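Worksheet: one structure, shown below.
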Amino acid sequence: MEKIIIFGASGHAGVVIDIIEKQEKYDILGIFVDTPEMQGIKYMGYPILGRIDNFYGSNKGIVAIGDNFSRQLIVNKIKEMKKDFQFATAIHPGAIIGKNVNLGEGTVIVAGSVINANSIIGKHCIINTQSSVDHDVTIGDFSTVAPGSQIGGKSNIGTLSTISMGANVIQKINIGNGSLIGAGSTVIRNIPDGVLAFGTPAKVIRQREPNEKYM
Ligand SMILES: CC(C)(COP(=O)(O)OP(=O)(O)OC[C@H]1O[C@@H](n2cnc3c(N)ncnc32)[C@H](O)[C@@H]1OP(=O)(O)O)[C@@H](O)C(=O)NCCC(=O)NCCS
């Protein structure tokens, strides 16, 4: 099996490791983190091999960091260090992926999620537990569809955006880049770039910085 390395050792990394084991496609060599206090210990049975900025061992891996903005920073750092680094995808065997679905490198599809025909999921996205992405949907790079949320057919989600837990987006909606839809919302109108929106129906509450924490 091809050997890969994992970047990150948070709860989300635990989920990604579990998926990779179940895929039976890759052998995990070890984990690289950005916190010095974790070095030398094991996480999920795998050794923490060192700092992300000194990674080694394989030219293939996955960035298992839940926060969209932090994930992008680390992906960019890895690409600067090694231009030909390859990013693996992690697809839980209990996810359902439809015909002509395109999944970008580094993307994670968690258990129970359904992605229907002709959808395009960008690079380094997270389609989280039991979420539903209907047909002909486009999701931009570094975005997250959180657990239990649903995206209607032909909707477009921009880059670095999050559809939070249990939120619903009806069909043919455009959500911009760097926006966050609050948990449990119902989106029935387009949402622009760089905003926080929530409620039923979802309304823009305020502008949002791309690096704002949401977890
Ligand atoms: C939107 C969110 C980030 C909270 O933002 P915040 O600016 O910290 O908001 P606060 O918690 O301080 O709440 C401020 C007000 O907004 C309301 N509010 C916050 N989130 C809301 C939501 N999703 N729906 C409706 N109202 C909400 C609060 O009730 C509060 O109202 P009040 O002032 O009348 O009491 C948070 O609710 C959320 O949805 N987080 C995402 C969680 C998630 O799914 N993460 C991904 C996991 S994979």
Side-chain angles (χ1 to χ4, degrees), residues 6-20 22 43-44 62-75 89-92 94-97 103-104 106-115 119 121-134 137 139-152 155-170 173 175-215:
I6 306 287
F7 298 92
S10 62
H12 175 65
V15 172
V16 173
I17 288 169
D18 175 55
I19 294 172
I20 288 169
K22 289 189 165 72
Y43 180 64
M44 301 282 289
I62 188 161
V63 179
I65 294 172
D67 180 79
N68 293 337
F69 190 81
S70 307
R71 190 165 64 257
Q72 185 189 43
L73 283 182
I74 299 300
V75 166
T89 51
I91 304 164
H92 194 285
I96 298 171
I97 315 284
L103 302 178
T107 278
V108 175
I109 314 291
V110 184
S113 43
V114 180
I115 305 175
S119 285
I121 314 294
K123 298 176 187 174
H124 307 283
C125 292
I126 303 170
I127 307 300
N128 220 324
T129 320
Q130 286 203 322
S131 57
S132 157
V133 175
D134 214 331
V137 168
I139 298 188
D141 299 346
F142 299 103
S143 285
T144 293
V145 178
S149 50
Q150 314 200 50
I151 316 291
S155 285
N156 298 303
I157 315 293
T159 59
L160 283 164
S161 286
T162 299
I163 312 302
S164 297
M165 296 177 77
N168 293 321
V169 177
I170 69 164
I173 290 292
I175 293 179
N177 303 320
S179 287
L180 187 134
I181 306 301
S185 302
T186 311
V187 182
I188 60 167
R189 301 266 184 269
N190 293 342
I191 302 289
D193 292 342
V195 297
L196 167 65
F198 58 64
T200 296
K203 299 257 193 281
V204 173
I205 304 298
R206 60 171 170 82
Q207 299 294 305
R208 172 179 188 271
E209 294 301 320
N211 60 349
E212 249 182 64
K213 296 289 171 207
Y214 52 93
M215 289 189 281

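All ligand and atom numbering here is 1-based and tracks the order in the structure. All values derive from a computational prediction rather than experimental measurement. This chain uses plain numbering: 1 for the first residue, then up along the sequence.
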Considering only the protein, which heavy-atom contact is closest to [atom], and what is its distance?
| atom | value |
| --- | --- |
| atom 36 (C) of ligand 1 | Ala183 N, 5.0 Å |
| atom 26 (N) of ligand 1 | Phe198 CE1, 3.3 Å |
| atom 44 (O) of ligand 1 | Met165 N, 2.8 Å |

Would you say the side chains of Asn177 and Thr159 form a donor-acceptor pair under 3.5 Å?
-> yes
Indicate yes or no for a side-chain donor-acceptor contact from [X] to the backbone of [Y] under 3.5 Å, with no hydrogens or angles considered.
| X | Y | answer |
| --- | --- | --- |
| Arg208 | Gly178 | yes |
| Tyr43 | Ser10 | yes |
| Thr162 | Thr144 | no |
| Ser161 | Gly176 | yes |
| Ser132 | Val114 | no |
| Ser179 | Pro192 | yes |
| Thr107 | His124 | yes |

Pro147, any N or O under 3.5 Å of ligand 1 N or O = no
Is there at least one pair of N or O atoms, one from Gly199 and one from ligand 1, spaced under 3.5 Å apart?
-> no
In ligand 1, which numbered atoms sit nearer than 4.0 Å to a non-hydrogen atom of Gly182?
-> 23 (N), 39 (O)
Heavy-atom contacts with Tyr214 under 4.0 Å: which atoms of ligand 1 show up? List them by number with element.
-> 40 (N), 41 (C), 42 (C), 45 (N)
Looking at [atom], would you say a protein heavy atom lies below 4.0 Å from it?
| atom | result |
| --- | --- |
| atom 15 (C) of ligand 1 | no |
| atom 40 (N) of ligand 1 | yes |
| atom 2 (C) of ligand 1 | no |
| atom 29 (O) of ligand 1 | no |
| atom 23 (N) of ligand 1 | yes |
| atom 7 (O) of ligand 1 | yes |
| atom 32 (P) of ligand 1 | no |
| atom 20 (N) of ligand 1 | yes |

What pairs meet the salt bridge (charged side-chain N to carboxylate O under 4.0 Å, His left out) rule with one or both residues in residues 191-206, with sequence neighbours excluded?
-> Arg206-Glu212
Assess [X] for proximity to ligand 1: is some non-hydrogen atom of it under 4.0 Å away?
| X | answer |
| --- | --- |
| Arg206 | yes |
| Leu196 | yes |
| Gly66 | no |

So, for Val110 and His92, which heavy atoms are closest and what is the spacing to 0.1 Å?
-> C-CB, 3.9 Å
Closest non-hydrogen contact found for Ser164 with Ser149 is O-CB, 3.5 Å
Derivation and outcome, salt bridge (Lys or Arg N to Asp or Glu O under 4.0 Å), residues Arg71 and Asp67 = CA-CA 6 Å; Arg71 190 165 64 257; Asp67 180 79; over 6 Å; no
Where on Met215 is there a heavy atom closer than 4.0 Å to ligand 1, on the side chain, on the backbone, on both, or on neither?
-> side chain
Side chain, backbone, both or neither: the part of Thr162 lying under 4.0 Å from ligand 1 by heavy atom | neither
